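Here the structure comes first, spelled out in structure tokens, and everything after it is commentary.
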There are 4 protein chains.
Amino acid sequence: MPEAATMERPAQAAPEVGGIAADRLRSVIERIERLEEERRQLGEDIKTIYAEAKGAGLDVKVVRQIIGIRRKEPAEVEAQETLLDLYRRALGM
Amino acid sequence: MPEAATMERPAQAAPEVGGIAADRLRSVIERIERLEEERRQLGEDIKTIYAEAKGAGLDVKVVRQIIGIRRKEPAEVEAQETLLDLYRRALGM
Amino acid sequence: MPEAATMERPAQAAPEVGGIAADRLRSVIERIERLEEERRQLGEDIKTIYAEAKGAGLDVKVVRQIIGIRRKEPAEVEAQETLLDLYRRALGM
Amino acid sequence: MPEAATMERPAQAAPEVGGIAADRLRSVIERIERLEEERRQLGEDIKTIYAEAKGAGLDVKVVRQIIGIRRKEPAEVEAQETLLDLYRRALGM
DNA sequence: AGTCGATTTTTGGGAC
DNA sequence: GTCCCAAAAATCGACT
């Protein structure tokens with residue numbers, strides 16, 4: 001969509017309603033809605049894989065747990081390693 | 001709650017507005033608001049202790065980290081120990 | 001890093017390392033953790049009331065909205081509603 | 001708990017223990033993790049658009065409300081607004 | 001910039 | 001087994 005946007009108040013190219021740039025508002029909303037739709041679709045894809053996994057005899061619940069743990073683990077490992085350091089710093093050592 | 005103050009419409013003890021038990025609605029809201037106020041106050045108390053800690057030379061940020069880690073740690077330790085089991089169960093072993 | 005077992009309550013390892021500051025650190029942590037526990041309990045109480053409200057036929061989400069509205073300044077509430085109307089009109093909704 | 005290093009990517013330990021199911025488990029986990037990463041990226045893209053909108057003078061919170069309203073069925077939107085009005089009147093707000 | 005409180009989405013559990 | 005509801009987690013905007 002080329003450059004009509006810079007024409008601020010001609011009758012129809014870039015209407016303002018109550019001081020709002022309607023085109024910009026509409027553009028923002030439509031772009032977000034489109035990305036949210038893609039996001040929702042990915043959610044469905046993920047569900048499909050879980051369903052396949054279940055069909056293949058895997059325990060979906062524990063697969064979920066595994067993925068959850070893998071997601072959190074790096075932070076947790078680091079937290080463990082940092083704990084003593086934190087105490088020492090808190091005590092000003 | 002039998003207080004005279006709640007009798008906005010003197011004609012009735014338990015007025016309904018549009019099918020809503022107004023007394024009950026009001027009671028729910030007031031109780032929640034009261035608990036939220038207590039909750040907010042505790043938040044302030046906690047802030048005060050952090051301020052004292054800072055005055056005593058402790059590093060507030062790391063004290064926060066320590067408390068955060070202590071809060072999460074039992075779950076994390078357990079998660080670590082459970083991981084291999086999860087894989088085995090997911091594989092049906 | 002010796003024996004994971006000794007890390008379970010790290011506050012106990014501190015007293016010797018930092019002199020008086022270690023005691024203070026422990027005190028700060030324990031007081032905050034106690035207040036946070038009270039705070040958590042209040043959160044549960046609030047949840048219980050919402051559950052009762054639901055059982056009494058109230059729409060919990062709308063009750064939440066009401067509480068949110070009462071929490072804000074009236075002017076702020078109106079400003080927001082006005083802006084929402086404005087945007088809706090800009091979009092022709 | 002011996003040798004933390006071998007636990008970092010537990011999926012690699014699996015192939016030998018469960019035969020073909022281990023491969024399937026790994027595949028499932030990796031495909032899901034990939035989709036989740038794409039999903040996370042879309043979340044960031046959405047955030048970026050909101051930031052742009054804010055920079056353009058739009059009220060992000062209200063834009064969010066608009067999107068929420070458009071997502072719901074019109075009947076649902078009205079039902080909720082009606083209920084809110086009802087509760088407000090029951091409370092004399 | 002980092003925290004906090006609140007809302008919304010996701011996940012696990014239970015009823016039918 | 002499928003659907004709904006409650007608990008948990010992630011996310012967002014506000015404030016400091």
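By convention in this document, chain letters (A, B, ...) are assigned in the order of the sequence lines, proteins followed by strands, and residues within each chain are numbered from 1. Bear in mind the structure is a predicted one, so any value in this text is a computation, not a measurement.
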Under 4.0 Å, heavy atom to any atom of DNA chain F: which of residues 41-66 of chain B qualify?
none
With sequence neighbours left out, the residues meeting side-chain hydrogen bond (donor to acceptor under 3.5 Å, both in side chains) with D:E76 are none
Residue pairs passing the side chain to side chain donor-acceptor pair (under 3.5 Å) test with at least one member in residues 83-93 of chain D, sequence neighbours excluded, are C:E81-D:R88
Residue whose nearest DNA chain E nucleotide is more 5′ - B:E36 or A:R71:
B:E36
Go through DNA chain E in 5' to 3' direction and return only the first and the last nucleotide with some atom under 4.0 Å of chain C's heavy atoms.
E:dG5 to E:dA6
Counting any heavy atom closer than 4.0 Å, what does C:R39 reach on the DNA or RNA strands: base, sugar-phosphate only, or nothing?
sugar-phosphate
For atom NZ of B:K61, is the number of surrounding heavy atoms from other residues, nucleotides or ligands below 6.0 Å larger than 12?
no
Distance-only criterion, 3.5 Å: show the donor-acceptor pairs between side-chain atoms of residues 38-46 of chain B and protein atoms not counting sequence neighbours.
residue	atom	partner	partner atom	Å
B:E38	OE2	B:R34	NH1	2.5
B:R40	NE	B:E37	OE1	3.0
B:R40	NH1	B:E44	OE2	3.2
B:R40	NH2	B:E37	OE2	2.8
B:Q41	NE2	B:D45	OD1	3.1

Ignoring hydrogens and angles, tell me if any N or O in the side chain of D:S27 forms a donor-acceptor pair with the backbone of D:D23 under 3.5 Å.
no
So, using side-chain hydrogen bond (donor to acceptor under 3.5 Å, both in side chains) as the criterion, who are the partners of C:R71 when residues are at least two apart?
B:E36
Would you please name every residue forming a side-chain hydrogen bond (donor to acceptor under 3.5 Å, both in side chains) with C:R64, sequence neighbours left out?
none
Using a heavy-atom cut-off of under 4.0 Å over every strand shown, decide if D:R40 touches base, sugar-phosphate, or nothing.
nothing
Which pairs with one or both residues in residues 50-60 of chain C pass salt bridge (Lys or Arg N to Asp or Glu O under 4.0 Å), sequence neighbours excluded?
B:R31-C:E52
Can you list the residues that meet the side-chain hydrogen bond (donor to acceptor under 3.5 Å, both in side chains) rule with D:E33, with sequence neighbours excluded?
A:R70
Opening and closing nucleotides of DNA chain F in contact with chain D, under 4.0 Å to non-hydrogen atoms
F:dC12 to F:dG13
Are D:I69 and C:L84 close enough that some pair of their side-chain heavy atoms sits under 4.5 Å apart?
yes
